[in-house]
Amino acid sequence: MNMGEKTRRDFPILSRIVNGHPLVYLDSAASSQKPLAVIEAVSRYYETSHANVHRSIHTLGEEATERYEAARDAVRAFVGARSREEIIFTRGTTEGINLVAQAVGRTLKPGDEIIVSELEHHSNLIPWQMACRDRGAVLRAIPVVGEGYLDLDAFDRLLSPRTRVVAVAHVSNVLGTINPVTQIAERAHRVGALVLLDGAQAVPHLPLDLNALGADFYAFSGHKMLGPTGSGALWARRQLLDAMPPFLAGGEMIREVHLRRSEWNEVPWKFEAGTPDIASSIGFGVAADYLRELGMDRVREHEKELLTYALVQLMSNHPEIPLYGPLDAGLRSGVVPFNVPGVHAHDVAQVLDRSGVAVRAGHHCTMPLHERLDLPATVRASFNVYTTKADIDALISGITEVKRLFGGFLKAGAG
Ligand code: PLP
């Protein structure tokens with residue numbers, strides 16, 4: 001039995017029937033499903049230990065704090081961070097990137113430059129657009145070339161002493177491209193720029209050693225790696241966090257408050273103002289442990305095998321279908337974007353849903369990338385630890401049904 005068949009038993013939702021068919025969930029890049037261990041940890045917390053964290057000295061308050069901080073340790077261990085102080089809990093990648101863009105943004109001067117890439121998710125683009133607009137800085141983008149790679153020669157030409165931040169996705173949420181982030185970080189550091197990596201689509205799928213990557217900031221989401229929604233983390237080098245101003249202000253991020261001035265708390269709490277999403281973070285820690293037990297090397301192998309299977313099946317059963325992204329599974333994660341010629345991506349997704357196959361259709365929060373590819377939309381099938389070859393077979397049959405349904409219509413249109 002392979003990983004998908006074994007692990008899917010841990011995911012109660014996968015036994016659902018949708019529109020009269022067993023659910024085939026191929027939308028994990030938008031949000032992954034949750035194993036029972038995570039669901040139970042969240043409900044156990046509410047049933048037995050809920051109280052606010054870092055405030056109360058009663059038993060529940062201490063238990064809640066203990067579990068919340070244990071979750072931080074689990075996430076730290078999962079991504080290979082050196083210390084728990086380097087892990088700030090956020091609501092997800094978006095919040096982590098905004099935190100950095102706001103903090104670093106305040107230090108930008110007119111003429112400074114930020115480099116992103118053409119394949120960024122909107123959450124690693126708009127915060128930088130806003131920071132540049134507010135400070136008179138300039139936003140530049142590394143072009144996407146070939147099957148969906150970043151043009152590193154063009155990147156070299158963009159880099160200069162004016163470059164303050166390089167912010168790129170570790171893995172593209174549309175093309176699946178695994179970007180050469182270590183090389184990017186090295187080159188950015190040579191001109192003194194800070195490096196932020198958007199790890200939303202990498203952490204759930206690749207073995208990771210954050211220290212070895214060479215980045216300064218790394219943002220990721222819990223809900224894409226089997227954890228609850230409302231969970232995520234920003235990793236950053238300790239000395240950067242110590243020097244950075246807080247993002248949100250309020251309770252718990254302070255050591256001392258006077259009417260006209262305050263002193264900030266230690267990191268990571270300096271960046272966690274207000275009551276955090278305690279239950280989700282606890283679930284996030286359990287998800288990290290679950291993946292660690294599975295072994296991320298095995299997860300990566302499993303998804304690579306699925307990706308190769310999916311590409312071969314699509315090319316042999318539906319050769320007219322345009323596929324996007326690197327064809328080499330070694331350079332790509334388990335994300336398969338495609339289009340059915342003559343059928344709008346939304347119609348494809350709707351017909352697939354009628355047979356219980358859940359995929360995403362649209363621009364996937366990457367409008368500039370779709371503009372670059374000259375596509376209004378794509379359909380995206382994406383995998384996770386519980387995905388099986390049978391899921392991919394269901395997708396292939398579903399596409400046959402799309403073609404059958406729209407075939408007559410397309411012929412009539414052509415005639
Ligand atoms: N970055 C990438 C590459 C993503 O795929 C996503 C979500 O799809 C995000 C950022 C935003 O993540 P979140 O919505 O969890 O903040």
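These values consider heavy atoms only, across backbone and side chains, with no hydrogens, waters or symmetry-generated copies. In listed order, ligands and their atoms are each counted from 1.
Arg238 has a carboxylate O that lies under 4.0 Å from a charged side-chain N of Asp242, or vice versa, which qualifies the two as a salt bridge. Ion pairing between a basic and an acidic side chain is recognised when a charged N comes within 4.0 Å of a carboxylate O; Arg332 and Glu147 show no such pairing.
At the top of the distance list for atom 7 (C) of ligand 1, counting protein heavy atoms only, stands Lys224 NZ, 2.7 Å. Remark: minimum distance from atom 4 (C) of ligand 1 to any protein heavy atom is reached at His121 CD2, 3.2 Å. Nearest non-hydrogen protein atom to atom 14 (O) of ligand 1 is Thr94 OG1, 3.7 Å.
Glu95 and Thr90 form no side-chain donor-acceptor contact under 3.5 Å, judged by distance and modelled atom types alone. Between Gln350 and Arg354, the side chains place no donor N or O within less than 3.5 Å of an acceptor N or O (distance only, hydrogens not considered). Side-chain atoms of Glu305 and Thr308 form no donor-acceptor pair, as typed in the model, at a separation below 3.5 Å. Counting only N and O atoms by type, the side chains of Tyr386 and Ser28 include a donor and acceptor under 3.5 Å apart. Residues Asn317 and Gln313 bring a donor and an acceptor atom of their side chains to less than 3.5 Å of each other.
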Start with the C-alpha distance between Tyr68 and His54, add both sets of side-chain angles, then the distance that settles ring-ring contact (aromatic ring centres under 6.0 Å, His included), and finish with yes or no.
CA-CA 10 Å; Tyr68 182 71; His54 305 136; 5.7 Å; yes
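Under the 4.0 angstrom criterion for non-hydrogen atoms, Ala169 is not in contact with ligand 1. Put simply, part of Asp198 is less than 4.0 Å from ligand 1, judged by heavy atoms.
With ligand atoms numbered from 1 in the order given, ligand 1 contributes 13 (P), 15 (O) to contacts under 4.0 Å with heavy atoms of His223. The atoms of ligand 1 that sit less than 4.0 Å from any heavy atom of Gln201 are 3 (C), 4 (C), 5 (O), 8 (O). For ligand 1, the atoms closer than 4.0 angstrom to any heavy atom of Asn173 are 3 (C), 5 (O). For ligand 1, the atoms lying closer than 4.0 Å to a non-hydrogen atom of Ala200 are 1 (N), 2 (C), 4 (C), 6 (C), 9 (C), 10 (C).
Contact annotation: for Glu120 versus ligand 1, there are no heavy atoms closer than 4.0 Å.
In this comparison of Gly92, Ser221, Ser123, Ala30, the heavy atom closest to atom 10 (C) of ligand 1 sits on Ser123.
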